[in-house]
Amino acid sequence: MKLVRKEKFIYEIPIDKELGMRVPGLVFASEDMIESIETEGVLQQVANAATLPGIQKASIAMPDIHYGYGLPIGGVVATDVDEGVITPGGVGFDINCGVRLITFDISIDDLNVDLESLAKKLYRNIPCGVGEGGKIKVKKQELKQVLKKGARWAVENGFGNERDLEATESYGFLASADPEAVSNKAYERGYDQLGTLGSGNHFVEIGCVETILNKDVAEKWGLFEKQLTLLIHTGSRGLGHQVCTDFLGIFEKSLLKYGISVPDKQLACAPVKSPEGNKYLAALSCAANFAWANRQILMHLSIETIMEVLNISRKLLNPRLVYDVAHNIVKFERYEIDGKERLLAVHRKGATRALPPNHEELPDMYKDTGQPVIIPGDMGRYSYLLVGGKKAEELSFNSACHGAGRKLSRHKAIKMAQDRNIAEELKLKGIFVISRGKRTLKEEMPEAYKDVSDVVDVVDYLDIAKKVLKLRPLCVIKG
DNA sequence: ATGTAC
């Protein structure tokens, strides 16, 4: 695949008419990253996405990009709502997979419990693992309310407060949700999965602020060094997975009907303004709302556990949600294209929204600074908090990276880890990890990922999002 | 990511 270096950290895949590319590909990465990206057929996926009807400006790849279903994970594709398509491959199976960061009014110097007992208690109280349900069980009518209201449903049912909604992307729900668009099969998978973690790269992590990198913003956001933090990464579980599966099937059949040809079947799509496209948007929004309710409940369960173990009141602990971001989603957003304002369906698949200062969609508390952008790394090193930058609109439809990005496939990681005891290795570094699945820790070992610092450096340099602080993990719960 | 295969 032809790749042209345009300037530092910006590479272009020129338009290949034979392939049917409508726009170029655009890759944000360092020279070192380009080498690993080029080997996996990932760039072919970036080019394939550029053939989608209605795509605007470029098929965009973030520095944490890696091979995915249809489109790479770490991709941004914006299509015109009137002339373009919507595609499940551009969102991913785990609809509204995302991450939220919570801070506490407590320094790790004042922590009077050992981390191991905190990890054990969290593991006991957080349902985790593939296919696992939790204690919260809802019937169909109630689940419909969840799908309609998102995080608000959780708040109305005692899991959090109004301020949490202010500090959640889209205030924790998409109004385009229609519970009638969701299949019975998806409902079946959702009844007992509210407030559950799942598996794979999902986690609940207690950590602390290691280094402040932007004193001004950190101060405005009330963050300080050695501050105790909570990071939660999960999505819409089986329900969202089923919604994705359902519509991949529907779109594969409707391709012919709409005369759309795609270079890869996994790019199955439909016009945004078709009955199929509308229904996918309605169902995807339900799954997104389920995920926001899920993270809201998980936050509540985690905070209750921390209060119990630390034997501290809520008032003293003072849990505060910094922000909740979605990194697998499609959103309708307005952008100026060739001097004309247009409504675009911005697909972010493993990409985080990064709104710059003064953006109209920002809540008042983040108007002057820009949006908090949360970038989790691997469980053995660190994670980052950034803030939306000035070049995000011009370069990436207000999107940044979403994590460290896989360096090894799950299969390769397991093979390489062999008989190693990853939990024991991390314990030597002072990080207590408990996982339900035997293989999960091998798949998720630090070496399976790029160094998140290198990834974050790229978006920081390009002013897509600027670094605010670095977090360090202390105990991690995984599925 | 995922009732890791319907």
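As the structure is a computational prediction, the values presented were derived from the model and not from experiment. Letters A, B, ... are given to chains in the order of the sequence lines, protein chains preceding strands, and every chain is numbered from 1.
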Rounded interatomic separation in angstrom, taking [atom1] from [X] and [atom2] from [N]:
X         : N      : atom1 : atom2 : answer
Gln242(A) : dT2(B) : CD    : C1'   : 10 Å
Asn96(A)  : dT2(B) : CG    : C1'   : 16 Å
Arg237(A) : dT4(B) : CZ    : P     : 12 Å
Phe290(A) : dT2(B) : CZ    : C1'   : 13 Å
Arg436(A) : dT2(B) : CZ    : C1'   : 15 Å
Arg439(A) : dT2(B) : CZ    : P     : 13 Å
Tyr69(A)  : dT4(B) : OH    : P     : 17 Å
His233(A) : dT2(B) : NE2   : P     : 10 Å

For dT4(B), does OP1 or OP2 lie under 4.0 Å from any side-chain N or O of Arg410(A)?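 Arg410(A) to dT4(B) OP1/OP2: no side-chain N or O under 4.0 Å.
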Hey, does [X] reach any base, or is it just sugar-phosphate, or nothing, if we go heavy atoms under 4.0 Å?
X         : answer
Ser199(A) : sugar-phosphate
Glu132(A) : nothing
Lys185(A) : base

Tell me if the CZ atom of Arg420(A) is crowded by more than 12 foreign heavy atoms within 6.0 Å.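 Counting neighbours around CZ of Arg420(A), more than 12 heavy atoms of other residues, nucleotides or ligands fall under 6.0 Å, so yes.
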Assess the pair [X] and [Y]: is the distance between their ring centroids shorter than 6.0 Å?
X         : Y         : value
His327(A) : His233(A) : yes
Tyr11(A)  : Phe28(A)  : no
Tyr280(A) : Phe247(A) : yes

First encountered from the 5' end of DNA chain B, between Val130(A) and Gly200(A):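 Result of the comparison: Gly200(A).
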